[in-house]
Amino acid sequence: MKIFIVEDNASHLKLLKAKVNSLGYQVIGSSQTIQQVLPTIQQTLPDVVLVDINIQGENHGIQLAKEIKENTNAAVSYTHLRAHETRHD
């Protein structure tokens, strides 16, 4: 299965890529901005696109997912990762 990841946080992107690969799937591309996502997806033809629901920019993740669904055959799944800070008092 070919997967494309849209995630604007570099550490979250790295984590998602590692997890997807560890599950035996192929990450065929990723983007940290929304501007080139649609043309890139139309060229790479992923089976699934993982979209950060809180992606920064004019179009947020929900709108981007709608555009992907309307313009490609890829399945879309939302992601939402949160960084946790560990405090040691």
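- Smallest separation of non-hydrogen atoms from Pro46 and Ile41: CD-O, 3.4 Å.
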Side chain to side chain contact (heavy atoms under 4.5 Å, CB included) between Glu7 and Leu50, intermediate numbers included: CA-CA 8 Å; Glu7 171 60 65; Leu50 300 179; over 6 Å; no

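- Here the straight-line distance linking atom CG of Asn9 with atom OG1 of Thr79 works out to 10.5 Å at 0.5 Å rounding.
- Minimum interatomic distance between Leu38 and Glu67 (heavy atoms only, all atoms of both residues): CD1-O, 3.9 Å.
- Looking at Val49 and Thr72, their side chains never come closer than 4.5 Å, going by heavy atoms from C-beta outward.
- Looking only at distances, no side-chain donor or acceptor of Lys69 sits under 3.5 Å from a matching main-chain atom of Val76.
- A pairwise comparison of heavy atoms in Tyr78 and Gly61 identifies CE2-O, 3.9 Å as the closest pair.
- The distance from atom CD1 of Ile5 to atom OG of Ser31, rounded to the nearest 0.5 Å, is 11.0 Å.
- Cluster membership check: Met1 shares its hydrophobic cluster with Val27, using side-chain heavy-atom separations under 4.5 Å among Ile, Leu, Val, Met, Phe, Trp and Tyr.
- Asp8 contributes atom CG, which lies 9.5 Å from atom OG1 of Thr33 (distance to the nearest 0.5 angstrom).
- Under a 3.5 Å cut-off, the side chain of Asp52 and the backbone N or O of Val6 do not form any donor-acceptor pair.
- Within the model, atoms CD1 of Ile28 and CG of Leu45 stand 7.5 Å from one another, a figure rounded to the nearest 0.5 Å.
- With contacts defined as side-chain heavy-atom distances shorter than 4.5 Å, the pair Lys2/Thr44 does not qualify.
- Linking Ile, Leu, Val, Met, Phe, Trp and Tyr residues whenever their side-chain heavy atoms come within less than 4.5 Å leaves Ile55 and Ile53 in two separate clusters.
- Summarising the geometry, atom NE2 belonging to His60 is positioned 7.5 Å from atom NZ belonging to Lys66; distances are rounded to the nearest 0.5 Å.
- Within a 6.0 Å sphere centred on CG of Asn71, heavy atoms belonging to other residues, nucleotides or ligands number more than 12.
- When all heavy atoms of Gln26 and Asn21 are compared, the pair lying nearest together is CA-OD1, 4.4 Å.
- In this structure, the separation between NE2 on His12 and CG on Leu16 is 8.5 Å, given to the nearest 0.5 Å.
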